[in-house]
Amino acid sequence: MPAAAGAPTPVLDPELLLDFFARHGRDLPWRHPSAGPWAVLVSEFMLQQTPVRRVLPVHQEWLARWPTPADLAAEPAGEAVRAWGRLGYPRRALRLHAAATAIARDHGGRVPSTVPELLALPGVGEYTARAVAAFAFGAREPVVDTNVRRVLDRAVRGVDSIREPAVAADRRDLAALLPVEPARAARFSAAVMELGALVCTAAAPACDRCPLVARCRWYRAGRPAGTARRPVQTWHGSDRQLRGRMVAALRAERAGVAAAELLLLGDDRDQARRCLAALIADGLAEQDPDGRVDLPR
DNA sequence: AACACGTGGAT
DNA sequence: TATCCAAGTGT
């Protein structure tokens, strides 16, 4: 240990990470100084399990059409689902609409700035609440997504992780590494996230381009393989596939679709009935007395 | 805690 | 072609 310094340099050295972020961080719309909390919140919903490239155009359309939470809340939830396009997980559109409604009703139309208030919004979990608090309001909160979790696992813990939602221990560990100054801490989280997205990727990490390679415990251990993943559900013939087809049909038809027509989209009659009922139960579809189905009003 | 929940690009 | 997986949340 150096005689002059009190603590050893951490693996996730803020100096190295912030320099990396300044040089290589992507110029994304929700990172612009002009992007307000609403633009950040919308981006975080869209980015849940969805790549940046596909979010970009839809985010731009949403902000142009609904510049404030109240603008979105003033329209039927079905319009949010329709404008969601093919981003996937359309229930996110429903929850974002519900969040906008709660913001308009309970927060005077302003996106709240504290983690507890954000957590109370529909569709906002442990990750999104801290991402908005940090990136939109400059709060000193540990922001741990799948990228940050992977960097923590590899660089700090020396193991390769399977992809799972971050846990409290991950947030605690990152919190211990945050710079003291809040705005700098927020940039630090964004920098770790960016490193995971651009360099320390899941499948093909580019250690030769990593600013942390000299300290990385995983690299120094010879990049040991991670544990096996849980088996994934087959896609062909799944409920998810059929639900996707049904919602796509509803998005395309402003006048609604006959229930019988939706049921034809599946190979299995019982499965189709079950999926349609589930969509209605989830609030992604509504059925009128004639049996006509539409996106929610 | 384990699952369900969409989509499309990369390998 | 099959599998992985990308800024998670709710149950």
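Here the nucleotide nearest the side chain of R92(A), chosen from dG6(B), dA7(C), dG8(B), is dG6(B). Side-chain proximity of P90(A) to dG10(C), dG6(B), dA7(C): nearest is dG6(B). Out of dG8(B), dC5(B), dC5(C), the shortest distance to the side chain of A202(A) is found at dC5(C). Across dG6(B), dA7(C), dG10(C), the shortest atom-to-atom separation from the side chain of E194(A) is found for dA7(C). Listed candidates were dG10(C), dG8(C), dA4(B). Nearest to the side chain of R240(A) is dA4(B). Picking from dA7(C), dC5(C), dG8(C) the nucleotide with the shortest atom distance to the side chain of Q49(A) gives dG8(C).
Atom CH2 in W84(A) sits about 13 Å away from atom C1' in dC5(B), given to the nearest Å. For Q48(A) and dG8(C), the CD to P distance is 7 Å, given to the nearest whole Å. In this structure, L87(A) places its CG atom 14 Å from C1' of dG8(C), rounding to the nearest Å. In this entry the distance linking CZ of R243(A) with P of dC5(B) reads 5 Å, nearest Å. Rounded to an integer number of Å, the gap from CZ of F45(A) to P of dC5(B) is 20 Å. We find that CD of Q241(A) is positioned 12 Å from P of dC5(B), with the value rounded to whole Å. Distance OH (Y89(A)) to P (dA7(C)): 14 Å, rounded to an integer number of Å. Between the C1' atom of dG10(C) and the OH atom of Y127(A) lies a distance of 18 Å, rounded to the nearest Å.
A donor-acceptor pair is defined here as one N or O able to donate and one able to accept, closer than 3.5 Å; such a pair exists between the side chain of E181(A) and the backbone of R184(A).
Heavy atoms of L28(A) sit under 4.0 angstrom from at least one base atom. V247(A) comes within contact range of no nucleotide atom at all, as no heavy-atom separation falls under 4.0 Å. Residue contacts for R149(A): at a heavy-atom cut-off of 4.0 Å it reaches no nucleic acid atom on any strand shown. Within the 4.0 angstrom heavy-atom criterion, only backbone atoms of the sugar-phosphate kind lie near R150(A); the bases stay farther away. The residue A197(A) sits close only to the backbone: its heavy atoms come under 4.0 Å of sugar-phosphate atoms, none of a base. The residue G88(A) sits close to a base: some heavy atom pair falls under 4.0 Å. In this structure, D282(A) reaches neither bases nor backbone, as no heavy-atom distance under 4.0 Å exists between it and the strands shown.
Ranked by how close their nearest DNA chain C nucleotide is to the 5' end, A203(A) and V124(A) are led by A203(A). Nearest-nucleotide positions on DNA chain C place S43(A) closer to the 5' end than the other of P122(A) and S43(A).
If you check distances only, the side chain of R54(A) does reach the base of dT7(B) with a donor-acceptor pair under 3.5 Å. If you check distances only, the side chain of T50(A) does reach the base of dG6(B) with a donor-acceptor pair under 3.5 Å.
Nucleotides dC5(B) and dA7(C) place their P atoms 23 Å apart, quoted to the nearest Å. Across dT11(C) and dA1(B), the matching C1' atoms stand 11 Å from one another, rounded to whole Å. Taking atom P in both dC3(B) and dC4(C), the straight-line distance is 16 Å, to the nearest Å.
For the pair L212(A)/Y219(A), no side-chain contact is recorded, criterion being any heavy-atom separation below 4.5 Å from C-beta on. Two residues are said to be in side-chain contact when any heavy atoms from C-beta on lie closer than 4.5 Å; P205(A) and W218(A) meet this criterion.
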For D282(A) and R243(A): C-alpha separation, side-chain torsions, deciding distance, then whether salt bridge (charged side-chain N to carboxylate O under 4.0 Å, His left out) applies. CA-CA 11 Å; D282(A) 289 348; R243(A) 287 169 57 109; 2.9 Å; yes
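In this model, no donor atom of one side chain and acceptor atom of the other lie less than 3.5 Å apart for R130(A) and S189(A). Residues Q48(A) and Y127(A) bring no donor and acceptor atom of their side chains to less than 3.5 Å of each other. Using modelled atom types, one finds a donor on one side chain and an acceptor on the other under 3.5 Å when comparing W66(A) with E75(A).
For dA7(C), neither phosphate oxygen OP1 nor OP2 lies less than 4.0 angstrom from any side-chain nitrogen or oxygen of T128(A).
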